[in-house]
Amino acid sequence: MTEPAPASFATDPAIERVLLTEEQLRRRIEELGAQLTEDYVGRAPLLVCVLRGAYVFLTDLARSIDLPVEIDFIAVSSYGATTRTSGVVRLVKDLEVDLTDRDVILVEDIVDTGLTLRYLRRSLEARGSASLEVCALLARESADLEGLGVRYVGFTIPNDFVVGYGLDAGERYRNLRYLAVYDPDADEVG
Ligand code: 5GP
């Protein structure tokens with residue numbers, strides 16, 4: 001039988017340490033928003049949020065951009081309930097907006113192996129957009145950002161599995177206000 005979840009994130013032994021505080025996230029996302037505002041001035045970019053991990057980032061990023069942005073959502077799944085990739089990416093929910101002649105910014109939570117991004121690019125590049133850029137909150141130090149064509153990155157992080165600020169472990173921790181390193185061995189629930 002699984003244990004009940006700890007009453008508070010503060011006492012949760014699976015939350016090993018804080019990697020990025022609320023304040024660090026807020027500041028960097030404001031910078032990204034200012035950069036996008038400058039780069040897309042005179043245009044109305046379409047922010048494509050990759051569900052579910054990027055949903056918190058998307059809401060803060062969109063409000064940091066001083067342009068008439070539009071928003072749509074796409075959902076893919078590459079991880080099961082565990083912290084290891086299955087190596088297979090599946091489209092779970094497609095976009096509703098037509099991409100023809102749009103300036104598309106793909107909003108991702110984390111670029112790890114790049115498998116998800118490669119799949120998304122293949123799927124979106126055939127849809128006639130005027131441009132397609134990627135804005136990821138996080139990227140692994142090991143990720144080939146140039147090869148993957150990732151133009152905007154919030155933070156480069158080491159190989160630890162992270163949760164919070166939209167990112168999950170078995171669907172938990174998405175509502176954590178900061179980004180934390182997760183320790184699966186100390187998880188009393190998962
Ligand atoms: P990739 O396809 O680049 O290997 O992995 C990208 C996806 O894997 C991300 O969108 C995210 O859903 C998941 N992922 C990779 N690393 C982590 C991590 O440290 N924490 C969480 N919660 N998800 C991760």
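Ligands are counted one by one from 1 in listed order, and the atoms in each one are counted from 1 as well. As the structure is a prediction and not an experimental result, all values here were calculated from the model.
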> What residues, two or more places apart in sequence or in another chain, satisfy side chain to side chain donor-acceptor pair (under 3.5 Å) together with Tyr178?
Replying inline: none

> Quick one: OH on Tyr165 to CG on Asp109, what's the gap to the nearest 0.5 Å?
Replying inline: 11.5 Å

>> Nearest 0.5 Å, please: how far is CG in Leu132 from CZ in Arg127?
In response: 10.5 Å

Look at ligand 1 and say whether [X] reaches it with a heavy atom at a distance under 4.0 Å.
X: Gly114; answer: yes
X: Asp168; answer: yes
X: Leu117; answer: no
X: Arg140; answer: yes

>> Quick check: closest heavy atoms across Thr113 and Arg118, and the distance to 0.1 Å?
In response: O-NH2, 3.8 Å

>> Using every non-hydrogen atom in the two residues, find where Gly170 and Asp168 come nearest and quote the distance to one decimal.
In response: N-OD2, 3.5 Å

>> In this structure, would Val97 and Leu124 fall into the same cluster of hydrophobic residues linked by side-chain contacts under 4.5 Å?
In response: yes

> If two hydrophobic side chains count as joined below 4.5 Å and joins carry through other members, does Leu138 share a cluster with Leu19?
Replying inline: yes

> Atoms of ligand 1 less than 4.0 Å from Ile110 heavy atoms?
Replying inline: 6 (C), 9 (C), 10 (O), 11 (C), 14 (N), 15 (C), 16 (N), 17 (C), 24 (C)

>> Under 4.0 Å from a heavy atom of Glu108: which atoms of ligand 1 are those, numbered in the order shown and with their elements?
In response: 10 (O)

>> Using a 4.0 Å heavy-atom cut-off, which part of Thr116 comes near ligand 1: side chain, backbone, both, or neither?
In response: both

> Purely on distance, is any nitrogen or oxygen of Val162 under 3.5 Å from one on ligand 1?
Replying inline: yes

>> I'd like the name of whichever of Val50, Thr113, Asp109, Val76 reaches closest to atom 11 (C) of ligand 1 through any heavy atom.
In response: Asp109

